[in-house]
Amino acid sequence: MPKLTIDGIEIEVEPGTSVLQACERLGIEIPRFCFHDRLSVPANCRMCLVEMERSPKPIASCAMPAADGMVIHTDSEITRKARRGVMELLLINHPLDCPICDQGGECDLQDQAVAYGLDHSRFQENKRAVKEKYLGPLIKTFMTRCIHCTRCIRFSDEIAGVEELGATGRGEHMEIGTYIERAITSELSGNLIDVCPVGALTSKPYAFAARPWELKKTDTIDVMDAVGSNIRVDSRGGEVMRVLPRLHEDVNEEWISDKTRFACDGLRRQRLDRPYVRENGKLRPATWDEAFATIAERLGALKGDQIAAIAGDLADVEGLMALKDLMGQLGSPNLDCRQDGAQIGGGPRAGYLFNTGIAGIESADAILLVGTNPRWEAPIINARIRKRWLLGGQIGALKVGVIGPDIDLTYRTQHLGAGPRTLQSIATGKGDFADILGAADRPMLILGMGALARPDGAAVLDMARQVADSCGLVKEGWNGFNVLHTAAGRVGALDIGFLPGDGGRDVAGILEGAGSGAVKLVWLYGADEIDMTALGAPGGDGAFVVYQGHHGDRGAHRADVILPGAAYTEKNATYVNTEGRVQRARMAVFPPGEAREDWRILRAFSDRIGRRLPYDSLTQLRGRLVEANPVFAEIDRLSPAAWGTFGTEGKVANPGFASPVANFYMTDPISRASVTMAKCVQEIMGQTPAAAE
C-alpha cells in the first residue's frame with residue numbers, strides 16, 4: 001500500500017490510486033476539466049497540476065499514480081502559478097458569452113477561473129471562431145467555447161458505446177464533431193450536456209429558457225421506464241423546466257436516458273385539467289360532483305362481477321392501493337395491472353424481480369438476454385452491462401448470449417436463437433451457452449416483456465426458471481434470475497396484489513367481457529396501452545368507461561367520464577423499480593387546474609358512494625401499504641426475495657421473441673405528448689411520429 005504525504009498529511013492508499021484521488025480523500029479540492037470519475041484519463045487539460053518534491057516541474061495529478069514516499073504540495077506558489085498559466089491559456093479563445101450562455105451559473109470554467117485564474121491576460125490576439133456542429137434535436141452546440149477536454153468523445157465511446165464523436169485537426173485547428181453531419185443516435189446522448197465542463201454542449205429544448213438560480217429544485221424519481229432513475233426536477237412557477245440526474249450508485253450512477261431528460265415538455269401539453277362527462281356522444285366540461293354523480297348512477301345497479309379496473313404503466317402505488325380497496329368495497333375481483341398481458345405475478349416475489357440488482361450486473365461473468373432489448377427498454381441497465389463488458393480485461397471476460405432479435409446492444413453478443421425453442425434447449429442443458437452458464441461463478445438471466453407478454457408467456461417463465469435451476473443461477477449469496485420490466489408502476493402493483501381475484505378477469509378477460517356485455521363498467525387508471533375498440537364505441541352499447549389520468553391520450557378519447565389526475569412530478573408518491581427497490585417521488589409542481597392526486601380522487605369518490613376508504617391522509621395510506629406488504633417499510637433498500645416455483649408448464653409457440661418497445665422515444669402518454677420526442681422520432685429514427693407509434 002503506497003504511503004505518501006500531501007500538504008503535510010500522511011495518507012495510505014490502494015495501489016493504482018492517482019494523486020488526485022488521494023488528495024480528494026483528504027478533502028483537498030483539485031481543479032480539473034478533462035478528468036471525470038467514470039471516464040478514462042487523458043490528462044490533456046493540465047488544470048490539475050500539483051507540485052511534487054524532487055520533480056523538475058509540476059505533475060498532472062489525475063494521471064500520476066500515487067507512489068510510496070511521494071511528497072505533494074497542492075497550494076504552493078509553483079502550483080498556483082502553474083494553474084494560473086493553464087487557465088490563461090484556456091481562456092485565449094474562449095468567448096465572453098457568460099451573460100447569454102445556458103451554462104452560466106453552473107459552469108466549471110467560470111468557477112475555476114474565479115478560484116484559480118488571473119484578472120487579466122497577456123494575450124492580445126483575436127479569438128478563433130468555430131462553426132457550430134449539428135448533433136441532433138437534443139444537443140445545442142457552441143463549439144467556439146470548447147476547451148478540448150474530450151469528455152464528450154470519451155463518454156460516447158466508453159459509456160454510450162456509440163463511436164460517433166471525434167476530433168479532427170491539431171492544436172488551435174482541432175475541432176470536435178461527428179465527421180459527417182448527423183444526429184447522435186445514442187439513447188444516453190443528453191448526458192453529454194452534463195459531462196461538458198463549459199457551455200460548448202447545452203440542451204437544445206432548454207436553450208435560453210431559464211437561469212439556474214430562478215429554479216426550484218426537487219429530488220424525485222423517474223417513471224419513463226422501470227429503472228427508477230434518481231432525478232432532480234427544476235421548475236419555475238407551475239412549469240417543469242428541465243430534468244437532471246441525481247447520483248445513485250446502485251441505480252443510475254449519474255446518468256439518465258434521453259427520454260427521462262427531455263420528455264418533460266410533454267407534461268405541459270394535452271393535459272386533463274378538469275372533469276369531463278360524455279353527453280350525446282361528446283365530452284363536455286363538468287364539475288367534480290357531476291362526474292362523481294354520473295359514475296355513481298351507473299354503479300348503482302351493477303353487481304361486483306360487472307365492474308372492472310385496469311391500471312396503467314405510470315400508476316403510483318398509493319393510487320393503486322386506493323383503487324384496489326375501492327374495487328374490494330364494490331365486490332369486484334376483476335382488476336389487473338398488466339396492460340400488455342404479461343404472464344407474471346401471483347407467485348413468489350423472486351419470480352418478477354431483477355433479483356441480482358442493477359449494481360449486481362458488474363459482478364456477473366455470463367449473461368443470457370431473453371426477449372429483451374435493454375438498449376431501448378432500459379438504457380441505464382444496458383450501460384451497466386456495457387460497463388461490465390469493458391471491465392473484461394481486469395476481472396474476466398463477460399459473455400453475453402441473446403435469444404430474440406439480433407441487434408446492436410453496444411457490446412459483443414452471441415446470438416443463440418430467435419424464440420422459446422432455444423430457451424428450452426438451454427433449460428435441458430443443451431448447447432454451448434448452457435455450459436457457459438453452468439461454469440460461470442455468477443451467471444445471470446435477464447427475461448424481458450417480449451418473452452412474457454405473449455399467450456405462452458407463463459410457459460416461457462417456467463422455462464426460464466428451469467434454466468435458473470439447471471444452470472446454477474441461484475446459489476447462496478447470488479440470485480441470477482432477473483425480470484426486466486418496462487413499466488414503472490408494474491412491480492409496485494404486483495407487490496400489493498393488483499391482480500385478478502378468485503374468479504376474476506385479467507385484461508384480456510375484461511376486454512372480452514366488455515365486448516360481450518358481461519362487464520358493464522371499466523375503470524381505467526392511466527391505462528392507455530390497451531385495445532380501446534374492444535371496449536365498444538363511446539356512448540353506445542359498450543362498457544361505461546371511467547378514465548382517471550393526466551393526459552388526453554387513448555384512454556381519455558374513449559372515456560365516458562374523465563377524472564383529471566396528477567403526473568409523476570405533481571404528487572408525493574411511491575414507486576418500486578424493476579429490482580424491487582421502493583422509492584419515493586416528491587411533488588415538484590402542483591397539478592394543473594382542477595386535477596388532483598389520484599388517491600385523493602378515489603378517496604373522495606368512495607365517500608360519495610357511501611363506501612369510504614379507511615384513510616384520510618398520505619401517512620395513513622402508506623401505513624395501509626405496509627400492512628399489505630412489509631417491503632414498503634424498506635425505503636431505498638433491496639430486500640432479497642425467497643426463491644420458489646413460478647410459471648406454468650406448457651407448450652410454447654414457434655414465433656420468436658420481439659421487444660415490446662418499437663419506438664424508444666414514445667412509450668407513454670407523457671412522451672407521446674412531447675414535441676421534443678416527436679423531433680427525435682423524425683430526425684433520429686427517420687419516421688413521422690404517427691408512423692412510429
Side-chain angles (χ1 to χ4, degrees), residues 34 36-42 133 135-136 138-139 149-167 176-180 182-196 201 224-225 227 229 245 249 251-262 358-369 372-402 404-415 444 446 448 482 484 659 661 663-665 680 683-685:
C34 68
H36 191 282
D37 291 331
R38 303 184 197 278
L39 302 176
S40 59
V41 180
K133 304 294 191 295
L135 299 183
L138 304 177
I139 301 172
C149 70
T150 69
R151 279 189 184 183
C152 55
I153 298 173
R154 286 175 285 136
F155 175 85
S156 298
D157 292 351
E158 298 165 16
I159 307 296
V162 178
E163 298 177 354
E164 295 176 348
L165 279 176
I176 290 174
T178 55
Y179 305 115
I180 299 172
R182 56 176 294 182
I184 301 289
T185 59
S186 170
E187 298 75 25
L188 299 168
S189 65
N191 294 289
L192 294 171
I193 299 164
D194 294 334
V195 300
C196 181
L201 303 177
M224 294 294 106
D225 55 31
V227 174
S229 297
E249 294 290 355
V251 181
N252 59 302
E253 297 182 295
E254 58 187 86
W255 318 122
I256 53 174
S257 74
D258 288 348
K259 185 165 51 176
T260 298
R261 185 185 300 266
F262 295 109
I358 296 172
I361 292 171
E362 297 182 27
S363 301
D365 44 11
I367 299 177
L368 177 62
L369 302 175
T372 181
N373 173 8
R375 184 170 174 180
W376 278 11
E377 295 169 28
I380 298 300
I381 287 180
N382 196 63
R384 283 273 191 173
I385 299 175
R386 175 173 171 79
K387 179 181 179 181
R388 169 61 187 89
W389 179 72
L390 289 174
L391 290 172
Q394 302 175 32
I395 60 175
L398 174 69
K399 296 179 180 178
V400 183
V402 174
D406 186 12
I407 52 179
D408 176 19
L409 295 176
T410 72
Y411 41 84
R412 189 179 298 112
T413 61
Q414 179 183 349
H415 189 244
M444 279 179 61
I446 299 179
N482 302 294
L484 179 55
S659 172
V661 179
N663 174 11
F664 166 72
Y665 296 102
C680 289
E683 296 185 39
I684 298 175
M685 298 181 64

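Numbers for residues simply follow the sequence, beginning at 1.
- Ring geometry for H36 against W255 counts as parallel: the plane angle stays under 30°, on a 0 to 90° scale with 60° as the upper cut.
- Closest heavy-atom contact between S229 and N252: OG-CB, 3.7 Å.
- Two residues are said to be in side-chain contact when any heavy atoms from C-beta on lie closer than 4.5 Å; L188 and I380 meet this criterion.
- Between the side chains of S156 and E164, not a single donor N or O lies within less than 3.5 Å of an accepting N or O.
- Judged purely by atom type and a 3.5 angstrom limit, R261 has no side-chain atom pairing as donor or acceptor with the backbone of P245.
- Checked by atom type and distance alone, the side chain of R386 pairs as donor or acceptor with a backbone atom of E158 at under 3.5 Å.
- Considering only heavy atoms from C-beta on, R375 stays 4.5 Å or farther from I407 through its side chain.
- Note that OG1 of T150 is 8.5 Å distant from CG of L39, once rounded to the nearest 0.5 Å.
- Summarising the local packing, CZ of R412 is surrounded by 12 or fewer heavy atoms from other residues, nucleotides or ligands at distances under 6.0 Å.
- In this structure, D258 CG and I684 CD1 are separated by 7.0 Å, a value rounded to the nearest 0.5 Å.
- Here the side chain of D408 pairs a donor or acceptor atom with the backbone of T410 at under 3.5 angstrom.
- Considering only residues two or more places apart in sequence or on other chains, E362 meets the salt bridge (charged side-chain N to carboxylate O under 4.0 Å, His left out) condition with R384, K387.
- The two atoms that bring L165 and D157 nearest to each other are O-OD1, 4.4 Å, heavy atoms only.
- When side chains are defined from C-beta on, S257 counts as touching F664, because their heavy atoms get closer than 4.5 Å.
- Between S186 and V162, the shortest heavy-atom distance links the atoms CB-CG2, 3.7 Å.
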How far apart are the C-alpha atoms of V661 and D225, what are their side-chain angles, what is the distance that settles it, and do they pass the side chain to side chain contact (heavy atoms under 4.5 Å, CB included) test?
CA-CA 11 Å; V661 179; D225 55 31; over 6 Å; no

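- Closest non-hydrogen pair, W376 versus E187, comes out as NE1-OE2, 3.1 Å.
- Here CG of N663 is found 8.0 Å from NZ of K259. Values are rounded to the nearest 0.5 Å.
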In sequence, state the C-alpha distance, the side-chain angles, and the governing distance for N382 and Y411, and then conclude on side-chain hydrogen bond (donor to acceptor under 3.5 Å, both in side chains).
CA-CA 9 Å; N382 196 63; Y411 41 84; 2.8 Å; yes

I'd like to know whether L409 forms a side chain to side chain contact (heavy atoms under 4.5 Å, CB included) with N373, so could you lay out the CA-CA distance, the side-chain angles of the two residues, the decisive distance to 0.1 Å, and finally the verdict.
CA-CA 8 Å; L409 295 176; N373 173 8; 3.3 Å; yes

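- Considering every non-hydrogen atom in both E377 and S659, the closest pair reads OE2-OG, 2.8 Å.
- Considering only heavy atoms from C-beta on, P374 comes within 4.5 Å of L369 through its side chain.
- Note that CD1 of I358 and CD of E249 are 12.5 Å apart. Values are rounded to the nearest 0.5 Å.
- Note that the CD1 atom of I193 and the CZ atom of F262 stand 4.0 Å from one another [nearest 0.5 Å].
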Test log, rule side chain to side chain contact (heavy atoms under 4.5 Å, CB included), inputs C152 and L201:
CA-CA 9 Å; C152 55; L201 303 177; 3.8 Å; yes

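- In this structure, the side chains of I446 and I385 come closer than 4.5 Å at one or more pairs of heavy atoms.
- By the 4.5 Å heavy-atom criterion applied to side chains, I159 and R154 are not counted as neighbours.
- Rounding to the nearest 0.5 Å gives a distance of 13.0 Å between CG of D365 and CG of L391.
- The shortest non-hydrogen separation linking A364 to M444 is CB-SD, 3.4 Å.
- Summarising the local packing, NZ of K399 is surrounded by 12 or fewer heavy atoms from other residues, nucleotides or ligands at distances under 6.0 Å.
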